[in-house]
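For reference, the structure is listed below as C-alpha cells.
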Amino acid sequence: MSKIYASMLSIGAYSPEKRLTNADLEKMVDTTDEWIVKRTGIKERRVAADDQAASDLGAIAARQAIERANLAIGDIDLIIAATLSGDFLFMPSTAAVIAGKLGALNIPAFDALAACSGFIYALATAKAYVESGMASNALIVGAEASSRFMDYSDRSVCVLFGDGAGAAVIGATDDPSKAIADVKISSDGAQWDNLYIDGGSKNPIREGKPHKPFMRMKGNETFKLAVRALSNDVIEILARNNLNASQIAHFVPHQANLRIIKAVGEAIGLREDQVVLTIDRYGNTSAASIPMAINDLYEAKRLKTGDLMLLDAFGGGLTWGSALVRFGGETPR
Ligand code: COA
C-alpha cells in the first residue's frame with residue numbers, strides 16, 4: 001500500500017468590511033501613524049461588525065475553503081478551530097459552533113488553543129489525523145475577533161491587532177509533491193506571563209469585581225523571544241528536510257511585526273520577493289494571519305499547485321511553530 005500524505009487541498013478567507021486606520025487610532029490613544037508604521041509595518045486593520053463573533057468570520061472562510069476543495073460539507077469529518085477570541089470563554093469550543101453553522105454534525109470538532117501559533121498547531125493535528133487514517137478531510141480554521149479583547153486605552157497593544165479568518169481543508173494524497181512535508185510545534189509555558197488574556201480560573205470574572213478581560217503583552221520581551229525562537233525554528237525545519245531557503249517559493253509568516261518577519265527572513269537568507277506580507281492591511285490577526293496570507297497569494301494567482309511554502313508563527317503560551325507545506329490545491333484560474 002502506498003504511503004498516505006496529508007495535503008492542503010484548498011484555502012479560503014474572510015476579512016470584515018470595517019477598517020480601523022492608524023489615523024483613527026491617533027484619535028483614540030496617544031500614538032502616531034508614523035510610529036505604528038515604523039515599529040510594526042501596520043497601516044490599517046479590520047474590525048468585526050457588532051453582530052459578528054469569531055465563528056461567523058470562521059464559517060465564511062470555511063465555506064469558501066470547502067467549495068474550493070470541490071467538497072461538500074458532508075465530506076468534512078473533523079473540524080479544528082484556532083482562536084484566542086472564541087465566541088465563548090471556554091465552552092462550547094469555537095470549532096463546535098462553526099460546525100453547527102456549517103451543518104457539519106456528528107463529527108469531532110475542537111479548538112487548538114495556542115494563540116497566534118494556533119493555525120500551525122491545528123495543521124500539525126490535522127496532518128496526524130489524516131496520515132493515521134483517523135480523518136479523510138479535516139477543516140482547519142483560524143478565526144479572530146480579537147478587537148473584543150483590546151483595551152483601547154493601551155496603545156502598546158491595541159494598535160497591533162485586527163479581526164479576520166482563514167481556513168484550509170487538509171485531505172489525503174499519495175503524491176509527495178502535494179504533501180505537507182513537515183510541521184514543528186513547541187511551547188515554553190514558564191514564560192506565559194509575556195502574553196495573556198485574563199478571566200479564567202486563575203483570576204475569574206465575578207460580579208462586583210472590577211475586571212478587564214483584555215489582552216496584555218510585554219511587547220519588547222516578546223519581540224526578542226519571537227525573533228530568537230522563530231529564527232532557530234526555521235533553520236532547524238529546513239535542515240531536517242535537507243532544504244535551503246532558495247527552494248522556498250513563499251515564506252508565509254505570522255504577521256505580528258514587519259521587523260520580526262524581516263529578521264527571520266534574513267536569518268535564513270530569503271529574498272524579499274519570497275516573503276508574503278499582509279500586515280500593512282490586516283495587522284496581526286493572530287491565528288487567522290497565516291491562512292489569510294495564503295489566501296492572498298492564492299487570489300493573486302501566485303500560488304501554484306506543488307509550490308513549497310514555509311510557515312512560521314509565535315504567540316501566547318508561549319507557543320511557536322513552523323511548517324513546510326507543498327500546496328496540494330488547484331491553481332486558481
Ligand atoms: N505609539 C507610540 N508610542 C508607543 C506605542 C504606540 N502605539 N506603543 C508603545 N509606545 C512607546 C512605549 O511607551 C515606549 O516609550 P518609552 O521609551 O517612553 O518608554 C516606546 O514606544 C518603545 O516601546 P517598546 O515596547 O520598547 O517598543 P518596541 O520597539 O518593542 O515595539 C511592539 C513595540 C509591541 C510593536 C513590539 O515590541 C512587538 O511587535 N512585539 C512583539 C509582538 C509579537 O510578536 N507578539 C507575539 C505574537 S502576537
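The chain is numbered in sequence order, starting from 1. As the structure lists them, so they are numbered: ligands from 1, and atoms in each ligand from 1.
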Looking just at side-chain N and O atoms, do [X] and [Y] make a donor-acceptor pair shorter than 3.5 Å?
X	Y	result
E144	S85	yes
T173	D175	no
D182	N241	yes

Under 4.0 angstrom from [atom], is there any protein heavy atom?
atom	answer
atom 45 (N) of ligand 1	yes
atom 20 (C) of ligand 1	no
atom 17 (O) of ligand 1	no
atom 11 (C) of ligand 1	yes

Specify the protein heavy atom at minimum distance from [atom]: its residue, its atom name, and the distance to 0.1 Å.
atom	result
atom 47 (C) of ligand 1	F314 O, 3.1 Å
atom 29 (O) of ligand 1	R39 NH2, 2.7 Å
atom 13 (O) of ligand 1	R155 NH2, 2.9 Å
atom 1 (N) of ligand 1	T31 OG1, 2.6 Å
atom 23 (O) of ligand 1	W35 CZ2, 4.6 Å
atom 40 (N) of ligand 1	G219 O, 3.0 Å
atom 31 (O) of ligand 1	R259 NH2, 3.5 Å
atom 36 (C) of ligand 1	N257 ND2, 3.8 Å

Atoms in ligand 1 flagged as close to [X], the criterion being non-hydrogen separation under 4.0 Å:
X	value
I260	44 (O)
N220	26 (O), 28 (P), 30 (O), 37 (O)
T40	35 (C)
M217	42 (C), 45 (N)
V159	7 (N)
C116	47 (C), 48 (S)

Salt bridge [X]-[Y], side-chain N to carboxylate O under 4.0 Å:
X	Y	result
D296	R302	no
R216	D154	yes
E236	R240	no

Just wondering, are more than 12 heavy atoms of other shown residues or ligands nearer than 6.0 Å to [atom1] in [X]?
X	atom1	answer
R63	CZ	yes
E330	CD	no
E221	CD	yes
K101	NZ	yes

* Asked: At under 4.0 Å between heavy atoms, which part of N284 makes contact with ligand 1: side chain, backbone, both or neither?
  ->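 The answer is the side chain of N284.
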
* With a 4.5 Å heavy-atom cut-off, do L311 and V325 have their side chains touching? ->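 In short, these two side chains touch, coming nearer than 4.5 Å.
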
* **Residue pair L324 / L308, side-chain heavy-atom distance below 4.5 Å** =>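 Side chain of L324 against side chain of L308, heavy atoms only: contact under 4.5 Å found.
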
Acceptor/donor pairs from residues 102-112 side chains to any protein atom, 3.5 angstrom cut, sequence neighbours excluded:
unit_1	atom_1	unit_2	atom_2	d
D111	OD1	T94	N	3.3
D111	OD1	A95	N	2.8
D111	OD2	T94	N	2.9

* For atom 43 (C) of ligand 1, state which one of A256, G317, A313 supplies the nearest heavy atom. =>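 That would be A256.
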
* To do: Consider ligand 1: state whether an atom of it lies below 4.0 angstrom from any non-hydrogen atom of I36.
  =>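 Heavy atoms of I36 never come under 4.0 Å of ligand 1.
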
